[in-house]
Q: 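Have a look at this one.
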Amino acid sequence: MKHVLKIFSLLVVISALWIGLLQASIIPQSHTWLLPIYFIVSLGCYGLLMVGVGLMRFPTCPQEALLLQQDIGEAKDFLKQRGVDVGSE
C-alpha cells in the first residue's frame with residue numbers, strides 16, 4: 001500500500017507541475033503539451049536501464065542449480081512411475 005501512495009503522490013506532483021507550467025506560460029505552449037510524452041519515454045528508458053543493470057548484476061548460484069537439477073530428476077522419476085512420458089532423457 002505504501003508504494004501505491006508513493007506513486008499516487010508522485011503523479012499528483014507531476015500533474016501539478018505540468019498544470020503550473022501550462023498556466024504560467026514559462027515554456028512555450030507547443031513544448032508544454034509534450035511533457036507527458038517526454039515523461040513516459042524517460043520512464044521507459046529508466047525501466048530498461050534498471051532491467052539491464054539487474055541482468056548484469058544477476059547472481060549465479062551454483063548450489064541452487066545443483067538442487068534444481070536434483071529436483072528435476074526426482075520429478076522425472078516420479079512422473080515415469082506414474083506412466084507419463086517425460087522426454088528422451
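No experiment lies behind these values; they were computed from the predicted model shown. All values below come from the heavy atoms of this structure, side chains included, with hydrogens, waters and symmetry mates left out.
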Q: From Leu49 CG over to Ser42 OG, what is the distance, rounded to the nearest 0.5 angstrom?
A: 12.0 Å
Q: Going from CD1 on Ile72 to CG on Asp77, what distance comes out if it is rounded to the nearest 0.5 angstrom?
A: 12.0 Å
Q: Find out if a path of hydrophobic residues (ILVMFWY) with successive side-chain heavy-atom gaps under 4.5 Å connects Tyr46 to Val53.
A: yes
Q: Say whether Met50 and Leu43 are linked into one hydrophobic cluster, either directly or through other cluster members, by side-chain heavy-atom distances under 4.5 angstrom.
A: no
Q: To the closest 0.5 Å, what do you measure between CG (Asp85) and NZ (Lys76)?
A: 10.5 Å
Q: Hey, any chance Val84 and Phe78 share a hydrophobic cluster, counting ILVMFWY side chains that come within less than 4.5 Å of each other, even indirectly?
A: yes
Q: To the nearest 0.5 Å, what is the distance between CG on Asp71 and CD on Glu74?
A: 5.5 Å
Q: With clusters built from Ile, Leu, Val, Met, Phe, Trp and Tyr whose side-chain heavy atoms come within less than 4.5 Å, directly or transitively, what are the remaining members of the cluster of Leu67, listed by chain and number?
A: none
Q: What distance separates Ile40 CD1 from Cys45 SG, expressed to the nearest 0.5 Å?
A: 12.0 Å
